[in-house]
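What follows is a set of notes on a single structure, which appears directly below.
Below, chain A is the first sequence line, B the second, and so on; all start at residue 1. Side chains included, hydrogens not; waters and symmetry mates left out as well; all remaining heavy atoms used.
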Number of protein chains: 2
Amino acid sequence: MGTTQLDTVPEPKYWHLKTVLSEALDSEFAVGEILPNERELAARFGVARATLRQALEQLELEGRLQRRRGVGTTVAPPRVGVAVGDAEQAWPGTTADSWQAVDCLEAAPPAAVARLLGTPAGRPVHTVRRIRRTHGQPVAAELLYVPGHSVPGLAAIDTASGAARARTVLRELQRLALEGQDRAVELGSARAEDAKQLDRLPGAPVLLVTTRYFTEGATAAVAVATYRADTCRLTFGETGVQLLAAG
Amino acid sequence: MGTTQLDTVPEPKYWHLKTVLSEALDSEFAVGEILPNERELAARFGVARATLRQALEQLELEGRLQRRRGVGTTVAPPRVGVAVGDAEQAWPGTTADSWQAVDCLEAAPPAAVARLLGTPAGRPVHTVRRIRRTHGQPVAAELLYVPGHSVPGLAAIDTASGAARARTVLRELQRLALEGQDRAVELGSARAEDAKQLDRLPGAPVLLVTTRYFTEGATAAVAVATYRADTCRLTFGETGVQLLAAG
DNA sequence: CAGTGGTCTAGACCACTCG
DNA sequence: GAGTGGTCTAGACCACTGA
């Protein structure tokens with residue numbers, strides 16, 4: 001009776017380490033400060049470097065740390081709140097927002113996207129690449145898939161290229177009446193290309209936001225946005241989103 | 001010109017492994033099928049077990065695999081779409097939904113939650129625990145924090161305990177006029193207690209959904225829901241959510 | 001009990017950043 | 001070139017599952 005479940009749950013070392021480090025971060029370190037390097041931390045705690053790294057990985061996943069090869073491990077600032085479902089339904093690129101069109105190419109979308117669009121697998125569609133920045137840092141990379149039949153007016157002005165062409169596709173989209181949209185959020189790992197744009201290593205954890213745009217009962221476009229999971233908190237909702245960001 | 005960037009990006013072994021395995025999963029394995037064990041897979045690919053595990057971890061993160069200690073590694077079914085922002089604004093527990101009240105205790109919320117509630121740090125609040133299941137599987141565990149002043153009528157019926165008390169708190173909440181709500185989604189790792197309820201190991205990646213409920217301009221309650229990131233895709237939006245789930 | 005995934009070690013070398 | 005984090009190895013033992 002006196003013994004309260006002692007040792008029935010032997011806590012893994014890396015878990016305990018993570019707790020200790022987390023508390024140290026709260027009390028002894030300032031945002032942006034550089035931690036001792038991994039070899040020294042491991043020695044200080046009397047564990048192998050791999051074990052120490054397991055703890056650091058968790059803390060990075062939780063947005064507490066930021067690690068950069070060749071530089072070091074720093075204390076991360078609180079996550080940035082980025083509005084995803086802000087305000088009314090609208091086509092992408094409608095207002096002066098934090099997105100920036102990069103370019104536009106003609107390519108076959110992933111099978112999952114083709115399924116959402118209702119286009120045959122392998123059929124190329126307009127693919128607009130955009131990047132989103134807040135406070136100068138890149139937070140998201142997006143691929144917007146637009147089947148040719150959604151923007152019939154585009155054929156005549158097909159000559160533009162790069163960012164100009166991307167903006168043209170966005171402008172053509174806005175001629176359509178948007179009847180609704182849909183979102184899904186899931187965990188993923190960054191493709192090599194997205195990772196580069198987001199200044200992360202391939203495989204870094206990301207939040208995938210899939211948005212469907214509806215017109216006349218059909219899916220006119222699908223966007224897949226890749227948000228840095230370590231630095232972002234996605235905010236939804238109509239009221240006072242900015243309050244949560246202060247957390 | 002003939003050489004197309006050969007070896008300028010030496011791909012890590014685990015990354016290549018992940019690709020190979022991913023393609024094998026698509027073509028050679030059925031959902032639920034058990035893969036060869038880690039030691040054999042590592043030998044088959046000629047890598048150390050740790051390297052093989054790094055690839056498996058990524059695939060699990062992406063929801064492609066499911067690993068269970070003492071059992072084996074199985075091919076995961078596609079992620080389940082779970083509605084988070086469904087339909088109109090409503091208090092939790094209003095309709096017959098997929099949530100199940102577990103119990104209710106009086107405890108001091110985490111500092112971040114106290115900040116959102118506007119209550120002094122350390123002040124205990126009603127804390128309702130709920131669990132959400134779909135297809136029999138637990139997908140989320142939630143803690144709903146309700147300050148005493150949000151449910152003044154509760155004092156008189158303070159005698160109930162456990163699930164009954166939880167339901168009482170939910171019922172009292174519904175007497176208030178809900179003026180709005182707010183959501184944020186971010187990546188986290190499962191606390192030990194949540195992990196147990198979700199049938200995962202501590203530290204497993206989860207999607208944290210923070211919801212604020214507003215009445216009369218103030219925050220009447222805050223919910224923090226912990227969704228299994230490996231098995232769940234969170235869906236938002238007003239129309240045809242179920243179509244995305246078919247993806 | 002045998003077999004699985006989970007944890008941990010003590011090394012080694014590589015890729016990157018920056019002075 | 002020195003120092004950092006990233007990758008990789010070849011072992012060992014532990015915790016858990018199920019027959």
Is there a donor-acceptor contact under 3.5 Å from the side chain of [X] to the main chain of [Y]?
| X | Y | result |
| --- | --- | --- |
| B:Arg183 | B:Val84 | yes |
| B:Thr127 | B:Val125 | yes |
| A:Thr235 | A:Gly81 | no |
| B:Arg79 | B:Ala229 | yes |
| B:Arg133 | B:Val139 | no |

For the pair made of [atom1] in [X] and [atom2] in [N], what is the distance, rounded to whole Å?
| X | N | atom1 | atom2 | value |
| --- | --- | --- | --- | --- |
| B:Glu60 | C:dT4 | CD | C1' | 14 Å |
| B:Leu17 | D:dG6 | CG | P | 20 Å |
| A:Arg67 | C:dA15 | CZ | C1' | 15 Å |

request  = For C:dG5, take OP1 and OP2 only and decide whether either is under 4.0 Å from a side-chain N or O of B:Thr73.
outcome  =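 It does, given that an N or O in the side chain of B:Thr73 lies less than 4.0 Å from OP1 or OP2 of C:dG5.
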inquiry  = Tell me which pairs pass side chain to side chain donor-acceptor pair (under 3.5 Å) where either residue lies in residues 23-35 of chain B, with sequence neighbours left out.
reply    =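 Sorted pair list: B:Asp26-B:Arg64.
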Taking N or O atoms only and anything under 3.5 Å, show me the protein contacts with nucleotides 7-9 of chain D, one pair per line.
| residue | atom | partner | partner atom | Å |
| --- | --- | --- | --- | --- |
| D:dT7 | OP1 | B:Tyr14 | OH | 2.9 |
| D:dC8 | OP1 | B:Lys13 | N | 2.2 |
| D:dC8 | OP2 | B:Tyr14 | N | 3.2 |
| D:dT9 | OP1 | B:Lys13 | NZ | 3.0 |
| D:dT9 | OP2 | B:Ala48 | N | 2.8 |
| D:dT9 | OP2 | B:Thr51 | OG1 | 2.4 |

request  = List in numerical order all residues of residues 29-41 of chain B for which some heavy atom is under 4.0 Å away from an atom belonging to DNA chain D.
outcome  = B:Arg39
inquiry  = Ignoring hydrogens and geometry beyond distance, is a side-chain donor-acceptor pair present between A:Tyr14 and A:Arg53 at under 3.5 Å?
reply    = no
query = Hey, mind stepping through A:Asp230 and A:Arg200 against salt bridge (charged side-chain N to carboxylate O under 4.0 Å, His left out) and telling me if it holds?
reply = CA-CA 10 Å; A:Asp230 55 343; A:Arg200 297 258 59 199; 3.1 Å; yes
